[in-house]
Protein chains: 2
Amino acid sequence: MTSSLHHRAIDNLGTRIISGVLPAGHVMLAEQLEDELKVSRSVIREAVRVLQSLGLVETTKRVGIRVLPASRWNPFDAQVIRWRLASDARGAQLRSLAELRAAVEPAAAELAAQNAPAALRMELVDVARAMREAGNNGEVARFLELDIRFHSLLLSGSGNEMFANLMGQVAETLTGRTVHGLMPDHPHQAALQWHEDVAEAIARGDAVSARAASDRIMRRTMSQMADTWTEQPRVFIPVRQ
Amino acid sequence: MTSSLHHRAIDNLGTRIISGVLPAGHVMLAEQLEDELKVSRSVIREAVRVLQSLGLVETTKRVGIRVLPASRWNPFDAQVIRWRLASDARGAQLRSLAELRAAVEPAAAELAAQNAPAALRMELVDVARAMREAGNNGEVARFLELDIRFHSLLLSGSGNEMFANLMGQVAETLTGRTVHGLMPDHPHQAALQWHEDVAEAIARGDAVSARAASDRIMRRTMSQMADTWTEQPRVFIPVRQ
DNA sequence: AGTTATTGATGTCTGCACACATCGGTGTCA
DNA sequence: TGACACCGATGTGTGCAGACATCAATAACT
């Protein structure tokens with residue numbers, strides 16, 4: 001299960017590294033981790049190997065297990081994102097995800113207008129119309145469900161597996177926004193209209209209009225959230241020489 | 001080193017899974033992999049744990065190690081990308097990366113104009129000017145080097161670690177384009193000008209112009225490459241219910 | 001200063017006990 | 001007779017313990 005010793009060891013170490021409790025440069029010994037987590041060597045070793053593949057640690061003979069700086073972490077890994085969302089860097093992570101989404105969704109809309117399967121285009125139109133209904137009726141939970149489905153269909157319909165992979169993060173973002181009460185009970189008519197515009201443009205294969213409408217949604221979303229993360233420190237990843 | 005038994009086991013299995021030699025649904029046994037790769041159980045177990053975290057396999061008691069479909073692979077993992085570039089799906093992977101880059105770079109330019117450190121802005125201008133010089137003189141190798149640095153600085157300067165993480169992939173893309181002779185010895189003047197436009201807009205904090213100029217570069221790049229991957233099959237990732 | 005020996009950590013291998021999902025047999029009931 | 005629920009055998013991953021191999025940082029030596 002997800003609560004095997006292996007997964008618990010990964011989560012324990014990953015949480016402590018990303019939260020900063022175990023800072024970059026900190027060196028640990030496998031043996032020390034064994035009695036700290038009360039597990040055997042194989043559990044520690046398998047966990048360390050996974051953390052290594054995520055860029056969280058590196059192992060050196062004669063030295064031990066060294067924690068790597070944040071610039072080495074794989075920022076696209078779902079688990080890394082989850083750990084960051086649970087840390088002090090939550091705001092910065094949300095901003096990064098929002099910026100990525102704002103960049104990707106209009107491109108995905110353009111591609112979906114060119115490539116999406118017919119069934120997906122039709123469902124997109126249906127979902128956009130259902131969103132208006134749920135939004136006008138103040139059905140918050142149903143609106144969230146439809147909103148997630150709309151944006152998932154959009155990303156999936158792009159035919160770009162990297163775009164599609166962002167479905168999970170988008171769903172978490174939208175859910176978080178609703179749970180934290182940042183969504184009005186009755187979404188703005190303009191936003192509802194733009195969703196329908198995107199769906200209909202994709203349905204008729206109008207890539208330019210699809211991108212434009214999606215871009216409007218994203219710009220509005222970004223400007224709404226901008227003040228949430230004012231003054232979140234930015235992490236600049238150095239350019240390797 | 002990277003040629004430890006552990007890494008070789010990961011590479012062996014990863015290559016075979018992503019190339020399709022080991023198809024989705026195929027079930028392997030840890031013991032069988034031991035004598036197939038002539039390594040011990042611990043090596044196999046640690047390798048399988050890593051492949052599991054990449055979404056390439058899942059393990060089930062009483063069943064074995066099952067290969068997962070491509071829709072479960074982590075498309076952002078550098079190793080997965082490398083394996084795909086070495087497989088039949090090379091064209092599709094290059095297209096996905098190009099589409100992602102086309103979506104991200106203009107957004108990165110916009111953010112860099114707002115957030116980049118002063119030193120980075122100045123270097124960006126210098127690099128853009130050096131690119132023109134190297135391009136006009138037909139110094140292909142130097143131009144490639146500067147091109148990589150320019151786009152790396154841009155992504156880094158955005159202050160978004162996800163954007164910055166694409167530096168490696170962009171470098172590989174640009175290098176591949178040059179190595180495969182898809183780049184003219186003397187880059188077009190318009191492209192050189194747009195690079196300077198991006199740099200200068202970022203230098204003066206003009207986010208709108210920076211995005212517009214970057215967008216022109218990306219649109220040109222995409223239209224140049226579009227015919228390279230015509231008829232590459234697209235992978236549609238299903239929306240989870 | 002350069003070279004060699006030591007040492008201590010990860011890397012690799014192996015045998016064992018345990019947990020538990022699957023499968024097939026058995027018994028019960030309609 | 002047939003369908004179904006139960007239950008134990010089986011096989012596989014999971015976790016553990018101990019050993020030796022390997023290699024690089026450091027110390028010792030020339």
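Naming convention: chains lettered A, B, ... in sequence-line order (proteins, then strands); numbering from 1 in each chain. It should be emphasised that the depicted structure is a prediction, and the values quoted were computed from it without experimental measurement.
As rounded to whole Å, 14 Å separates atom C1' of D:dT10 from atom NZ of B:Lys61. Taking atom CD on B:Gln32 and atom P on D:dG11, their separation rounds to 16 Å, with Å as the unit. Look at NE2 on A:His6: it is 12 Å from C1' on D:dG13, rounded to the nearest Å. One atom, CD of A:Glu34, and another, P of D:dG15, lie 14 Å apart when rounded to the nearest Å. D:dA24 atom C1' lies 14 Å from atom CD of A:Glu58, rounded to whole Å. When rounded to the nearest whole Å, the span between CZ of A:Arg66 and C1' of C:dA9 equals 12 Å. As rounded to whole Å, 13 Å separates atom P of C:dC13 from atom CG of B:Asp35. Atom CG in A:Leu5 sits about 15 Å away from atom P in C:dC18, given to the nearest Å.
Counting heavy atoms from C-beta on, the side chains of B:Val67 and B:Met28 come closer than 4.5 Å. Contact check for B:Leu166 versus B:Arg101: no side-chain heavy atoms found under the 4.5 Å cut-off.
Aromatic ring orientation, A:His151 versus A:His195: perpendicular (interplanar angle above 60°, classes split at 30° and 60°).
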Pair B:Met225-B:Arg177, side-chain contact (heavy atoms from CB on, under 4.5 Å): steps then yes or no: CA-CA 9 Å; B:Met225 312 208 74; B:Arg177 200 172 65 176; 4.2 Å; yes

Steps toward side-chain hydrogen bond (donor to acceptor under 3.5 Å, both in side chains) verdict (B:Asn12, B:Arg8): CA-CA 6 Å; B:Asn12 181 308; B:Arg8 265 185 284 172; over 6 Å; no

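Contact detail for B:Ser71 and B:Ile237: the closest heavy-atom pair is CA-CD1, 3.7 Å. Shortest non-hydrogen contact noted between B:Arg66 and B:Val63 is NH2-CG1, 3.4 Å.
Ion pair A:Glu123/A:Arg149 flagged as a salt bridge, since at least one NZ, NE, NH1 or NH2 atom sits closer than 4.0 Å to an Asp/Glu carboxylate oxygen.
In terms of position on DNA chain D, the residue among A:Thr60 and B:Leu29 whose nearest nucleotide sits closer to the 5' end is B:Leu29.
Judged by distance alone, with hydrogens and angles left aside, the side-chain atoms of B:Asp77 form a donor-acceptor pair with the main-chain N or O of B:Gln79 at under 3.5 Å.
In the region residues 36-50 of chain B, proximity to DNA chain C at under 4.0 angstrom, judged on heavy atoms, holds for B:Val39, B:Ser40, B:Arg41, B:Ser42, B:Val43.
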Polar atom pairs between nucleotides 26-29 of chain D and protein, under 3.5 Å, N or O only, would you list them?
none

